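Inspection log for the structure reproduced underneath, given as structure tokens.
Because the structure is predicted, anything quoted here is derived from the model rather than measured.
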Amino acid sequence: MAFTTIESSRLILRRFQDADLGAFLAYVNDPLVARYQSWESYTEAEARDIIEKEKRLEPGLPGHWFTFALESKETGALVGHVALNTLANKQGEIGFTLAREFHGQGLAFEAATAVLGYAFRALGFHRIVGIADTDNGRSIALLERLGMRREGHFIENIWFKGKWGSEYLYAVLRKEWLERHADGKH
């Protein structure tokens, strides 16, 4: 079944649309937002290409990231995205990016909770990991708030933006998630 949308209390998680280009470019090119991301910036052509590719993808396709665009129910604005990478053996990785003006409002938690619920319930994932730079306190706090446990500390394991970086690996199992969210809400 083709993905359409997921709704949370304040957000609609949906596919990217052509109209998202300007807002997407604005937040991915913000140095504060990109600080702990794999990119430095995107050109308009690169961003347009990402949006086009996302239109043809479905969540849960092994070896691919699917990016859920986050739309504010109140304003209709694109506020960021949550990405879900489908790995082998019903495992995945989650990542999140929000425009700076939406930081600190609980929207990343709300969106990530919705994506984790979808991945475990609808897609049948067994385990999902999240990786955070050891200096990225906001992401670390979010992963812990999501109920993910720190399983690894990798010291200078990645050459990242011109220097060696260290990362934490967090994970949660389907059975753990479902026990905590037995009410069926994400």
Side-chain angles (χ1 to χ4, degrees), residues 1-17 20 23-24 27-28 33 36-39 50-51 53-74 76-99 102-132 136 138-151 168-186:
M1 179 190 301
F3 171 77
T4 54
T5 61
I6 303 169
E7 288 198 33
S8 64
S9 61
R10 298 177 290 167
L11 298 168
I12 297 170
L13 287 74
R14 57 167 174 75
R15 293 179 179 279
F16 273 101
Q17 303 166 351
D20 295 326
F24 179 68
Y27 73 77
V28 296
V33 172
Y36 296 109
Q37 301 290 4
S38 59
W39 68 83
I50 288 169
I51 290 171
K53 285 179 181 174
E54 285 297 324
K55 290 178 184 177
R56 297 185 298 272
L57 288 176
E58 290 295 331
L61 183 63
H64 293 276
W65 285 91
F66 182 86
T67 306
F68 299 84
L70 310 179
E71 178 184 313
S72 166
K73 283 183 175 180
E74 183 181 340
L78 178 71
V79 302
H81 63 265
V82 172
L84 180 68
N85 188 14
T86 302
L87 307 171
N89 301 315
K90 292 291 192 178
Q91 296 189 64
E93 179 182 349
I94 193 169
F96 28 81
T97 306
L98 262 72
F102 300 103
H103 288 187
Q105 299 176 28
L107 294 172
F109 175 77
E110 185 175 320
T113 298
V115 170
L116 288 168
Y118 176 78
F120 287 129
R121 287 193 177 92
L123 301 177
F125 278 44
H126 169 69
R127 181 175 191 266
I128 297 177
V129 301
I131 299 170
N136 190 346
R138 285 178 170 251
S139 285
I140 292 165
L142 175 55
L143 292 167
E144 291 175 355
R145 188 171 171 218
L146 288 166
M148 299 177 89
R149 96 186 120 270
R150 186 182 302 174
E151 292 187 344
Y168 292 132
L169 180 132
Y170 285 82
V172 63
L173 297 174
R174 179 178 194 270
K175 63 184 175 185
E176 296 167 329
W177 181 265
L178 294 178
E179 284 172 13
R180 282 190 219 115
H181 299 271
D183 61 4
K185 294 182 181 174
H186 305 297

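Using a 4.5 Å cut-off on side-chain heavy atoms (C-beta onward), I140 and Y168 make contact. Considering only heavy atoms from C-beta on, V28 stays 4.5 Å or farther from V33 through its side chain. Looking only at side-chain heavy atoms (C-beta outward), L107 and L70 stay at 4.5 Å or farther from each other. Counting only heavy atoms from C-beta outward, the side chains of R138 and Y36 never approach each other to under 4.5 Å. Put simply, the side chain of N85 reaches to within 4.5 Å of the side chain of L87, judged on heavy atoms. Using a 4.5 Å cut-off on side-chain heavy atoms (C-beta onward), Y170 and L146 make no contact. At least one side-chain heavy atom of Y27 sits less than 4.5 Å from a side-chain heavy atom of T97. With contacts defined as side-chain heavy-atom distances shorter than 4.5 Å, the pair I128/L116 qualifies.
A distance of 8.0 Å separates NE2 in H81 from CD1 in I50, rounded to the nearest 0.5 Å. Between the CD1 atom of I131 and the CD1 atom of I94 there is a distance of 12.0 Å, given to the nearest 0.5 Å. Taking NE2 from H64 and CZ from R56, the interatomic distance works out to 11.0 Å, rounded to the nearest 0.5 Å. Rounding to the nearest 0.5 Å places CD of E74 at 11.0 Å from CG of L11. L57 CG to L84 CG: the interatomic distance, rounded to the nearest 0.5 Å, is 11.5 Å.
Side chain of E110 to main chain of S9: a donor-acceptor pair is present (N/O by atom type, distance under 3.5 Å, no hydrogens or angles). Side chain of R150 to main chain of E144: no donor-acceptor pair is present (N/O by atom type, distance under 3.5 Å, no hydrogens or angles). A donor-acceptor pair is defined here as one N or O able to donate and one able to accept, closer than 3.5 Å; no such pair exists between the side chain of R14 and the backbone of E71. At least one donor-acceptor pair closer than 3.5 Å links the side chain of K90 to the backbone N or O of L123. A donor-acceptor pair under 3.5 Å is formed between the side chain of E54 and the backbone N or O of T67. A donor-acceptor distance shorter than 3.5 angstrom exists from the side chain of R174 to the backbone of F120, with no hydrogens or angles considered.
Taking both residues in full, the closest heavy atoms of V82 and A111 are given as CG2-CB, 3.7 Å, listed atom of the first, atom of the second, then distance. Annotation for D20 and A69: closest pair OD2-CB, 4.4 Å, computed over non-hydrogen atoms. Taking both residues in full, the closest heavy atoms of W65 and G95 are given as CZ3-N, 4.2 Å, listed atom of the first, atom of the second, then distance. Nearest heavy-atom pair, V79 versus S72, reported as atom, atom and distance to 0.1 Å: CG1-CB, 4.1 Å. The nearest pair of heavy atoms linking F102 to L78 is CE1-O, 4.3 Å. Taking all atoms of both residues into account, the shortest heavy-atom contact from S8 to L13 is OG-CD1, 4.3 Å.
Within 6.0 Å of atom NZ in K73, more than 12 heavy atoms from other residues, nucleotides or ligands are found, so the atom counts as buried in its surroundings.
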Side chain to side chain contact (heavy atoms under 4.5 Å, CB included) assessment of F96 paired with L142: CA-CA 10 Å; F96 28 81; L142 175 55; 3.3 Å; yes
Stepwise side chain to side chain contact (heavy atoms under 4.5 Å, CB included) check, T113 with W177: CA-CA 10 Å; T113 298; W177 181 265; 4.0 Å; yes
Residues H126, L173; criterion side chain to side chain contact (heavy atoms under 4.5 Å, CB included); working and verdict: CA-CA 6 Å; H126 169 69; L173 297 174; 3.8 Å; yes
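The aromatic ring centroids of F3 and Y118 lie less than 6.0 Å from each other.
Between E58 and R15, at least one side-chain nitrogen of the basic residue sits less than 4.0 Å from a carboxylate oxygen of the acidic one, meeting the salt-bridge criterion.
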